[in-house]
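None of these values were measured; they are calculated from a predicted model.
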Amino acid sequence: MRKYISKAITQQSSAICMALDRYNKLAPSQVPPQPILDYAEVVGYAALGEFTLLKHSHHDLLMRPWATPDNCKMAAKFFKVLHSHDEITHLNVEIGRLHAWMEFEEKSMISTIAALNRKGSPLLAFELQRQYAVRRHVNDIHRACLQRVCLLDGYTGVLHSTPSSQESTHKEEEEEECGDEEHEEVT
């Protein structure tokens, strides 16, 4: 991958050097004469709008409707709005996926804790219960945020939680609290 990136940078670099040489040969003959640029200066430009090489290549370029600052700002805002609609569509799906993953993960941890207790590994089950408690706390914060997102206008996704999974999760929490008390008494 690094080879390809290095090759692409080298190709782009040589293209910039060739364009810069051509510009510097023509810059003094322009009316009015344009400044001569060096490679370090050109590479240092951050945005296409600041790229003097393009601005001075034709005098009428800056007079084109698409080159005026107001039109550039408006086009940028238009594309941000356009892409925000796509992003909202993706988020409507991803929010449901995140919620489903949290539910799945918690159910998986609960069943693993129960299996460990049945197989006679109470210390391992206790450690997993501690991790589950932390995870559950963090997930509850995420659930609250997701619930607020669901109330926003434009949200069309679905949170995949079932009452039975919530009931079993709350039962496990009660068992976990009881388990903590028992562990404290033992130690």
Cationic N near anionic O, under 4.0 Å, Arg143 to Asp140: yes
ILVMFWY cluster, Val138 and Leu146 together (side-chain gap under 4.5 Å): no
In one Ile/Leu/Val/Met/Phe/Trp/Tyr side-chain cluster, 4.5 Å: Val149, Met102: yes
Partner set under side chain to side chain contact (heavy atoms under 4.5 Å, CB included) for Phe104, not counting sequence neighbours: Trp101
Closest contact, heavy atoms only, Ala27 versus Pro35: CB-O, 3.9 Å
Between SG on residue Cys17 and CZ on residue Arg22, distance to nearest 0.5 Å: 13.5 Å
From Gln129 atom CD to Arg136 atom CZ, the distance as rounded to the nearest 0.5 Å: 14.0 Å
Contact summary for Gly96 and Tyr155, nearest pair of heavy atoms: N-OH, 4.4 Å
Side-chain heavy-atom pair Glu105, Asn139 within 4.5 angstrom cut-off: yes
Euclidean distance, Ile88 CD1 relative to Thr156 OG1, rounded to 0.5 Å: 9.0 Å
Listing, residues 108-120 side-chain donor-acceptor contacts under 3.5 Å, not counting sequence neighbours, or none:
| unit_1 | atom_1 | unit_2 | atom_2 | d |
| --- | --- | --- | --- | --- |
| Ser111 | OG | Lys107 | O | 3.3 |
| Ser111 | OG | Ser108 | O | 2.9 |
| Thr112 | OG1 | Ser108 | O | 2.8 |
| Asn117 | ND2 | Ile113 | O | 3.4 |

Partner residues of Glu94 under the side chain to side chain contact (heavy atoms under 4.5 Å, CB included) criterion, sequence neighbours left out: Arg97
Side chains of Val81 and His85 in contact at under 4.5 Å (non-hydrogen atoms): yes
Residues which pass salt bridge (Lys or Arg N to Asp or Glu O under 4.0 Å) with Glu87, listed by chain and number, not counting sequence neighbours: none
By side chain to side chain contact (heavy atoms under 4.5 Å, CB included) - contacts of Asp21 (at least two apart): none
Single-linkage hydrophobic cluster Leu37~Leu26, side-chain heavy atoms < 4.5 angstrom: no
Test side chain to side chain contact (heavy atoms under 4.5 Å, CB included) applied to Ile141 - qualifying residues, sequence neighbours left out: His137
Least distance between heavy atoms, Pro33 atom then Pro28 atom: CB-O, 3.8 Å
Gap between atom OH of Tyr23 and atom CD of Gln30 - 0.5 Å precision: 7.5 Å
